[in-house]
Each structure stands twice: as structure tokens, then as C-alpha cells.
Amino acid sequence: MTQTDQHSSPQPAAQAARYSRIIGTGSFLPPKRLSNHDLVAQLAADGIETSDEWIVERTGIRARHFAETGVTASELALPAARAAIEAAGISASEIDLIIVATSTPDMVFPSTACLLQHKLGIAGGAAFDVQAVCSGFVYALTVADSMIRTGAARKALVVGAEVFSRLLDFKDRTTCVLFGDGAGAVVLSASDTPGILATELHADGRHAGILCVPGSLHGGQVTGDPLLKMDGQAVFKLAVGVLDKVARSVLEKAGRSDADIDWLIPHQANIRIMHGTCKKLKLPLDKLIVTVDQHGNTSAASIPLALDAAVRDGRIKPGDTVMLEGVGGGFTWGAVLLDL
Ligand code: UT7
């Protein structure tokens, strides 16, 4: 397209960049923190038996944060987004794309991204949600990277924000001890130097039933069960298989090897899956970023929360090569390899 064509099109596209790059990260956890002991006591009061030992041994989780009643995903997303924008050293008005990955949106519509855009005091850029459950952040980052490289956007805010506590059945000990609430965000900018090196996304809807919230709205009523259902063992088996394969595939696309990975940030659901993934990539465990112990499984928020924690505590430094891997309901999975 010529310069003249660009100017005469009704919505002038930004100049296409060769690459996109993360220039800032941020995160936010709701203040209410429940240790395993707190949760065990709360569940015991309702006759549900579990223990700190079981939760730690089977999952690695020691604590999680729960949003207070009425607090929404966009409210968690806002401080995470502000922190990422501040770290990027830009003004919110420069953001021309917002993608929020969430399975717990504020409303059926409009999107949480539109609500976040308004809360940030900006308007006019594109804003939409991505629903890929625990793979949501990897999906959203891939979409934002593609839009930046085609010139559809120059500065994208990519957020994972969840209030999964809303979906939990506190009478089901096999799921309610696993999840938490939170938000993480990155600012992705057009760049002449490579940041995101390779991405890959997958889904297999045949496995929709192994992790789902089957309810829906109909005529002003919730029909079906609006609480989370999971066949943990089926999810576990699928996750272990797909994560190694997709990681190897993005490494190959990027022309890198497992030895080039400085940090591995898989979806934070279960420390046993995370250790397995790390070992299959022949990485020492000290290259694995772990927040599942303190956050539980925060679905789409887990990867950006872990990324921000490791950037802020100085482990992940500019120039480091980071592998992000998502897996979850759908069944969905994917990976992003990037240089920070
Ligand atoms: O975010 C998307 C990705 N999600 C995941 O990656 C989750 C993947 N799955 C998992 O992490 C694991 O499968 C779980 C942590 C969910 C479960 O661990 P598991 O080792 O697969 O346990 P299990 O389901 O085989 O259950 C073992 C036993 C059962 O008792 P019996 O039948 O052996 O007597 C359960 O009833 O543990 C029992 N159990 C519990 N006991 C105490 C299940 N939940 C609990 C609990 N406290 N909270």
C-alpha cells in the first residue's frame, strides 16, 4: 500500500512494525489472602474436609487471594494496567489496543476491555476480550503481537484478569482449593528489534467437558450449573503432553534451542505439571518462575502475574529469553517465546 493509499483509507493504519516488544509489566492481587490453613478452617465450618498437607503435596499451593464480594475483573485489571503503563514510561493515551483475557468478565457485555479502557480515562482505540480460559493471556499476547506487526496497533495493553472465586463451588473440595483471583498486564509496543520471537496457539474442543462452567443465561435466569467443574486427572494428563510439544515448536520457529531459555513461565496451576515441563525442556528448576504457591491458579492472570513478580524482584532482566506457556479449558494451549 502506498503512503497516499494509507492516508485515503477511512481508518488510517499505523505504520507496520517488524516486531512487538514488552516494554512494561504490572500486576495486582486483591488484599484478602487466605492461606491453606485459613481455607481449611473455612471449609471445615461447612463440613468439607481437606488439609494443608493434601493441597501442598498435590498442587504446591500454600495461599491464594480472593476479591471481596462485588469486586470485578476490570477493578483488578485497572491497578495492574496502570503499573504496566507506568513501567513502560508511556502515557495511557498512547494505548491504541486493549485486550483483556478473562473468563470472569464484569458483564455479559460490553467487554471487560471496554470497561477498563474507560477506567483508564482513554477512548478511541480498539478494545476487546479474549476467552481462552487459562491459556487466555498467551492467546491475547499472540493476537496483540499479530496486530502490531500488521500495523493495526502500535501500543497494546494486554491483560489477564480473573475473579475465579465467583465460579467456585465451595462444597467441591476437588476444585475450590485450587483457584484464586488477580490480574497481570503488559504493554506491548511496536519495535524495530525483536521482542516476541515466536508464538503458537492450539485448541481441541473435543475436551470441552473436562474443565468447564456449563451454565448460561436464558430469559433472565441462569440455566445449567454456573459453577466450575473439572476432571483434574484428565486435565493433568493432557497438559503434560501438550506443553512440551508446543514449547519445542516455538523454539524451532524462533531458531532457538532449550538451552537459550533463561526463564520458563508456565501457567501456574500445579507445581507437579510445572516441574515436569521444566525437566522435559532440560532446564534446571531454578529457571522456573513459581507463583502458584502464593497465588493458586488465577487462570488467565497467572502468567502475567508471575512475569511481573520476576521482573520486579530482578530475576528477569532486559534481554533475557522467556518462554510463556498456557494451558486450560477449551481445551486450549499455546506458547510465546520472547526476548524481554
Ligand atoms: O487451570 C487449568 C489447568 N488445570 C490443571 O492443570 C489442573 C490439573 N489437575 C491437577 O492439578 C490435579 O489433578 C488435582 C490437583 C486437581 C488433583 O490431584 P490428583 O493427584 O490428580 O488427585 P485425585 O483427583 O486423583 O484425587 C486423589 C484423592 C481422592 O481420594 P481417593 O478417591 O483416592 O480416596 C480425592 O477424593 O484425593 C482426594 N481429594 C482430596 N483430599 C483432600 C481431592 N481433593 C481433595 C482435597 N483434600 N482438596
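Atoms within each ligand, like the ligands themselves, are counted from 1 in listed order. Treat the numbers as computed from the prediction; the structure is a model and nothing was measured.
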When you check ligand 1 against the protein, what N or O pairs turn up below 3.5 Å? List the atom names and distances, or just say none.
| residue | atom | partner | partner atom | Å |
| --- | --- | --- | --- | --- |
| ligand 1 | 1 (O) | His267 | NE2 | 2.9 |
| ligand 1 | 1 (O) | Asn297 | ND2 | 2.6 |
| ligand 1 | 9 (N) | Gly232 | O | 3.0 |
| ligand 1 | 11 (O) | Asn270 | ND2 | 2.7 |
| ligand 1 | 13 (O) | Gly232 | O | 3.2 |
| ligand 1 | 20 (O) | Arg58 | NH1 | 2.9 |
| ligand 1 | 20 (O) | Arg272 | NH2 | 3.0 |
| ligand 1 | 22 (O) | Arg58 | NH1 | 3.4 |
| ligand 1 | 25 (O) | Gln233 | NE2 | 2.4 |
| ligand 1 | 36 (O) | Arg173 | NH2 | 3.4 |
| ligand 1 | 37 (O) | Trp54 | NE1 | 3.0 |
| ligand 1 | 41 (N) | Trp54 | NE1 | 3.4 |
| ligand 1 | 47 (N) | Thr50 | OG1 | 2.7 |
| ligand 1 | 48 (N) | Thr50 | OG1 | 3.1 |
| ligand 1 | 48 (N) | Arg173 | O | 2.8 |

Partners passing side-chain hydrogen bond (donor to acceptor under 3.5 Å, both in side chains) against Thr50 (at least two apart in sequence or in another chain):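 side-chain hydrogen bond (donor to acceptor under 3.5 Å, both in side chains) list for Thr50, sorted by chain: empty.
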Between Asn270 and Thr59: side-chain donor-acceptor atoms closer than 3.5 Å: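 Looking only at side-chain atoms, Thr59 and Asn270 do not form any donor-acceptor pair under 3.5 Å.
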Side chains of Ser191 and Thr193, donor plus acceptor under 3.5 Å: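 Present: a donor and an acceptor within the cut-off.
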Any residue meeting ring-ring contact (aromatic ring centres under 6.0 Å, His included) with Phe179, in chain and number order, not counting sequence neighbours: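 Testing Phe179 for ring-ring contact (aromatic ring centres under 6.0 Å, His included), a comparison that skips the adjacent residues, returns Phe164.
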Side chain to side chain donor-acceptor pair (under 3.5 Å) contacts in which one or both residues fall within residues 273-282, not counting sequence neighbours: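 Listed by first then second residue: nothing to list.
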Sub-4.5 Å side-chain heavy-atom contact between Met274 and Leu288: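 Yes, close enough: below the 4.5 Å cut-off.
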